[in-house]
2 protein chains.
Amino acid sequence: MRWTELDREACSVARTVSVIGDRWTLLILRDCFLRVRRFEEFEQRLGITRHILADRLRKLVAAGVLARVAYQERPRRYEYRLTETGLDLHPVLLALVGWGDAHKAGESGRPKLYQHRECGHLFDPVMTCSACGGAVTARNVRVLDGPGAAAANDA
Amino acid sequence: MRWTELDREACSVARTVSVIGDRWTLLILRDCFLRVRRFEEFEQRLGITRHILADRLRKLVAAGVLARVAYQERPRRYEYRLTETGLDLHPVLLALVGWGDAHKAGESGRPKLYQHRECGHLFDPVMTCSACGGAVTARNVRVLDGPGAAAANDA
DNA sequence: ATAGCAAAGTTCCTTTTCGGAACTCAAGCG
DNA sequence: CGCTTGAGTTCCGAAAAGGAACTTTGCTAT
């Protein structure tokens, strides 16, 4: 299977991975959530080559995750901002943070702390059920076929 | 920055990405959560080359995400199972599913449905705050430096 | 015994992608 | 003018991925 075929799989993980399943893309998104917006700033913070950065930004714009908007005219300069679709990726990043904090925080502790503005507390991200609000874990979820299960080729 | 330097960053996203930030690795993990365990089964379901599959499985075992356990002697054959550390990646996969379901489900609907065993309902994954239980979104989280912020080189 | 089969890899070779550095372009600045 | 800034693009050698065949260990049927 090639990159290009991935988004035609009848699997939401595969479709999401076809958009963001690349190390640079994930790190770019991390920086987006930290309010980084400009080409050079991404380049310097990430140590990515300009060439690959341009490619990934183009793909994220094409996927509707980022929007390329001019922040000045003459000379025309663009920056990259998360769209609503892009903001919806927040749980993905938070889940990555959660695992890293739990399993990869060295002796000196967590690199970052997260504060929930609504309650004011530092927190860990917890994945919960939209129906009952209870925690969801690998062991208490059952996977069933949905209506789009058979169609390997829908949009 | 190279792959190998990623896990030394003072960032839990980067550290997690250094382990699972690869399209094949993410798809292998998806299948692990669907109870796929054997080399040939991964190969057939994913359409990955044996060579890359062997490499990714080796890395996941080295990272403590999967365990390689013999399921028979003579001839000795191994299978790959999620460890507790691996099971902790469940929220990551669920977050990917959540975004794919919301933004990439075609006209025929979602490929899979998820049922919470505890309440019996089909659900969407919701990222919540461990302190108050409320939903966490991109707009209501504040990021602060933690104790491990400065140390770029701790374990 | 031996030919065939199965599972889990490994090896080899070609194609694609990536890393690194230099170059381009448009406009403002001194 | 020539320099600087920001956002790219181009070019080349290095690294990784795709594809297919080969290896190993032991079982099974002839």
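We use all heavy atoms of the structure for the numbers below, so side chains are in, but hydrogens, waters and symmetry mates are not.
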Between Tyr78(B) (OH) and dG26(D) (P), how many Å, whole number? 11 Å
Picking from dA17(D), dA21(C), dA7(D), the nucleotide nearest the side-chain atoms of Asp22(B) would be dA17(D)
Which nucleotide in the set dA20(D), dA7(D), dA8(C) lies at the smallest distance from any side-chain heavy atom of Arg50(B)? dA8(C)
Check Arg38(A) with Glu43(A), please: is the shortest side-chain N to carboxylate O separation under 4.0 Å? no
Within 45° of the ring axis of Phe42(B) and under 6.0 Å from its six-membered ring centre, is that where the NZ or CZ of Arg56(B) lies? no
Val136(A)-Val143(A) co-clustered via ILVMFWY side chain contacts under 4.5 Å: yes
Atom pair distance, as rounded to whole Å: CG in Leu46(A) and P in dC18(C): 15 Å
So if I take every side-chain heavy atom of Arg77(B) and compare against dG9(C), dC11(D), dA7(C), which nucleotide ends up nearest? dA7(C)
Where the side chain of Arg23(A) is concerned, which of dA8(C), dG8(D), dC18(C) is the nearest nucleotide? dC18(C)
Take the protein atom CD of Glu43(B) and the nucleotide atom C1' of dG19(D), then report the distance between them rounded to whole Å. 11 Å
The remaining residues in the hydrophobic cluster of Leu122(B), counting side-chain heavy-atom contacts under 4.5 Å among Ile, Leu, Val, Met, Phe, Trp and Tyr, are Leu144(A), Leu113(B)
Tell me which nucleotide among dG18(D), dA7(D), dG9(C) gets nearest to the side chain of Phe39(B). dG9(C)
In whole Å, what is the span from the CG atom of Leu53(A) to the C1' atom of dT10(D)? 16 Å
Phosphate contact (dG18(D) OP1 or OP2) by Trp24(B) side-chain N/O below 4.0 Å: yes
Nearest-angstrom distance from the residue atom CZ of Arg38(A) to P of dG8(D): 12 Å
From dA21(D), dC18(C), dG18(D), pick the nucleotide closest to the side chain of Ile52(B)? dG18(D)
Does OP1 or OP2 of dG8(D) have a side-chain N or O of Tyr80(A) closer than 4.0 Å? yes
Glu84(B)/Arg139(A) ion pair, N-O < 4.0 Å: yes
Please examine the side chains of Lys59(B) and Thr25(B), heavy atoms only from C-beta on, and report whether any two atoms are closer than 4.5 Å. no
Distance, rounded to the nearest Å, where Glu40(A) contributes CD and dT9(D) contributes C1': 14 Å
Whole Å only: how far is the CZ atom of Phe42(A) from the P atom of dG8(D)? 11 Å
Please work out which residues in residues 58-76 of chain B have a non-hydrogen atom less than 4.0 Å from an atom of DNA chain C and list them by number. Arg58(B), Arg68(B), Tyr71(B)
If each of Ala54(B) and Gln44(B) is mapped to the nucleotide of DNA chain C with the nearest heavy atom, which maps nearer the 5' terminus, i.e. the 5' end? Gln44(B)
Only one of Arg117(A), Glu118(A), Gln115(A) passes side-chain hydrogen bond (donor to acceptor under 3.5 Å, both in side chains) with Asn140(B), and that residue is Glu118(A)
Between atom NE2 in His51(A) and atom C1' in dA15(D), what is the gap in whole Å? 14 Å
Please check this pair: side chain of Ser130(B) against backbone of Pro125(A), looking for a donor-acceptor N/O pair closer than 3.5 Å. no
Result for 5'-nearest mapping on DNA chain D, choosing between Arg56(B) and Leu57(A), is Leu57(A)
